[in-house]
Student: 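Below you'll find the structure I mean.
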Amino acid sequence: MSLPDVGPHPLRPHLWAQRVSRSAPHGLDVLEAHVLAYTTKADEVSRMPWWRIAWGVSPLLAMLASIGGFAAVFGNPRDVWIGRTDAPDSADIPWAMLSYSVAAIGVVLIFVYWIVTSKRRRNGSLQIMLALVFVFGLLGVPVAHQLAREAGIDLGLMPLLPVYVMMGLAVIVFVIIQLSPPMPPEPDTPPIPVDQLEPKAMKILMRERNDAIKKLAERGMLPDVDVDVLQARPLGRLHISDDTM
């Protein structure tokens with residue numbers, strides 16, 4: 001039985017399992033096709049040194065630090081309500097500014113990452129991160145002012161300088177990326193045959209497939225199917241006629 005065509009640039013299996021619509025084909029044959037199309041990427045990941053993996057997630061620093069800055073002044077209303085933590089006050093503002101300072105460094109890191117990896121081409125993912133950094137800074141400023149007013153403090157400009165620097169850098173880098181040339185289309189790369197994969201790549205591929213099976217089952221899109229049995233099957237055995245949805 002032949003597998004369906006999933007196009008030249010399909011989603012990774014787990015991500016496809018999260019996003020696929022119930023009205024779209026989502027049988028085990030479609031899942032198997034996504035898994036076998038992911039072999040090249042699994043091989044690349046298996047050969048990637050740890051420092052390149054760390055470098056790949058480094059742009060998250062700015063976004064996470066900006067969220068931390070906002071969380072420092074806003075707090076968690078649920079935890080405050082049940083008495084688990086105290087409500088934020090003006091003493092939390094310096095901690096927020098420390099987080100925003102780290103986020104400003106993260107924005108510079110995003111700029112360097114863009115130059116190195118995107119070859120000065122437009123990168124929508126990095127722009128989304130920069131937009132979120134700006135938004136969480138913008139949300140944190142009025143909250144910090146409110147905490148200062150409640151404490152009878154004239155906050156002024158200097159105590160909030162880190163967040164303003166972070167927001168300014170985020171805008172500048174966002175505009176620079178937006179004005180750069182569009183990213184060229186990714187070249188089509190044929191999948192690597194399964195029997196040519198190294199054990200580490202095979203392990204990555206099987207984990208991706210099993211996570212996708214679990215996600216489809218959680219969404220109720222694999223009724224009357226034993227997930228453990230499916231996950232135990234070797235590659236290429238999901239789409240046999242008895243198991244096809």
Side-chain angles (χ1 to χ4, degrees), residues 5-21 34 37-72 96-144 157 160-192 201 204 208:
D5 182 17
V6 293
H9 304 293
L11 295 172
R12 56 184 293 184
H14 186 220
L15 190 58
W16 169 82
Q18 287 179 323
R19 297 182 180 181
V20 63
S21 168
H34 279 82
Y38 190 69
T39 54
T40 300
K41 185 63 178 178
D43 183 68
E44 292 176 0
V45 173
S46 69
R47 299 173 186 273
M48 192 176 297
W50 68 267
W51 62 266
R52 285 195 59 186
I53 296 176
W55 174 243
V57 300
S58 60
L60 292 174
L61 173 65
M63 186 178 67
L64 295 177
S66 66
I67 294 174
F70 173 70
M97 294 306 108
L98 178 61
S99 289
Y100 284 133
S101 298
V102 174
I105 297 174
V107 171
V108 176
L109 189 61
I110 286 178
F111 183 66
V112 175
Y113 181 89
W114 171 70
I115 292 176
V116 173
T117 63
S118 298
K119 309 300 182 183
R120 301 185 182 182
R121 299 280 185 165
R122 196 176 304 159
N123 189 315
S125 298
L126 296 181
Q127 289 181 289
I128 291 174
M129 289 187 186
L130 291 167
L132 290 173
V133 167
F134 181 86
V135 167
F136 281 107
L138 190 64
L139 293 174
V141 170
V143 177
L157 174 64
L160 296 182
L161 188 60
V163 67
Y164 291 132
V165 170
M166 178 203 73
M167 293 168 63
L169 289 173
V171 170
I172 292 171
V173 176
F174 183 97
V175 172
I176 291 175
I177 295 177
Q178 181 63 31
L179 295 178
S180 62
M183 191 76 72
E186 294 184 12
D188 295 341
T189 54
I192 297 176
I204 293 173
E208 188 73 24

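Note: hydrogens, waters and symmetry copies are ignored here, and every other heavy atom, side chains too, is used.
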Student: Residues two or more places apart in sequence or in another chain: which of them pass side-chain contact (heavy atoms from CB on, under 4.5 Å) with Ser21?
Tutor: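 Once residues adjacent in sequence are excluded, the partners of Ser21 under the side-chain contact (heavy atoms from CB on, under 4.5 Å) criterion are Ser23, Ala24.
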Student: Please list all pairs meeting salt bridge (Lys or Arg N to Asp or Glu O under 4.0 Å) that have one or both residues in residues 46-64, counting only residues at least two apart or in different chains.
Tutor: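 Residue pairs with at least one partner in residues 46-64: Asp43-Arg47.
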Student: What's the spacing between Leu11 CG and Tyr38 OH if we round to 0.5 Å?
Tutor: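 Leu11 CG to Tyr38 OH: 11.0 Å, rounded to 0.5 Å.
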Student: Counting distance only, does the side-chain N/O of Ser66 pair as donor-acceptor with the main-chain N or O of Met63 below 3.5 Å?
Tutor: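 At least one qualifying donor-acceptor pair exists.
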Student: May I have the list of side-chain donor-acceptor pairs in residues 160-184 shorter than 3.5 Å, sequence neighbours left out?
Tutor:
unit_1: Gln178; atom_1: OE1; unit_2: Gln127; atom_2: NE2; d: 2.8
unit_1: Ser180; atom_1: OG; unit_2: Arg122; atom_2: N; d: 3.1
unit_1: Ser180; atom_1: OG; unit_2: Ile177; atom_2: O; d: 2.4

Student: Could you give all pairs that pass the salt bridge (Lys or Arg N to Asp or Glu O under 4.0 Å) test and reach residues 7-20, with sequence neighbours left out?
Tutor: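 Output for this query lists Arg12-Glu208.
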Student: Are any side-chain N or O atoms of Thr40 and backbone N or O atoms of Ile192, one a donor and one an acceptor, separated by less than 3.5 Å?
Tutor: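 Confirmed, Thr40 side chain pairs with Ile192 backbone.
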Student: Looking only at heavy atoms, what is the nearest atom pair of Ala62 and Gly106, with distance?
Tutor: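 For Ala62 and Gly106, the tightest heavy-atom pair comes out as CB-C, 3.5 Å.
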Student: Show the numbers, then the answer: is there a side-chain contact (heavy atoms from CB on, under 4.5 Å) between Leu126 and Phe111?
Tutor: CA-CA 9 Å; Leu126 296 181; Phe111 183 66; over 6 Å; no
Student: Using the test side-chain contact (heavy atoms from CB on, under 4.5 Å), find all partners of Leu61 that sit at least two apart in sequence or belong to another chain.
Tutor: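 Here the qualifying residues are Val102, Leu109.
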Student: With rounding to the nearest 0.5 Å, note down the distance linking CD1 in Ile110 to CG in Leu60.
Tutor: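 Spacing of CD1 (Ile110) from CG (Leu60) equals 8.5 Å.
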Student: Within a radius of less than 6.0 Å around CZ of Arg121, do more than 12 heavy atoms belonging to other residues, nucleotides or ligands occur?
Tutor: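 Yes - once you tally the heavy atoms of other residues, nucleotides and ligands closer than 6.0 Å, there are more than 12.
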Student: Please report the closest heavy-atom contact between Ala37 and Pro191, naming both atoms and the distance.
Tutor: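 That would be CA-CG, 4.1 Å.
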Student: Determine the interplanar angle of the His34 and Trp16 rings, folded into 0 to 90°, and report it as parallel if under 30°, tilted if 30 to 60°, perpendicular if over 60°.
Tutor: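 It falls in the parallel class, under 30°.
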Student: With sequence neighbours left out, write down each residue that passes side-chain contact (heavy atoms from CB on, under 4.5 Å) with Ile128, or none if nothing qualifies.
Tutor: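 With neighbours one apart ignored, the set is Leu132.
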Student: Between the side chain of Tyr100 and the main-chain N/O of Phe70, is any donor-acceptor distance below 3.5 Å?
Tutor: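 Answer holds: yes.
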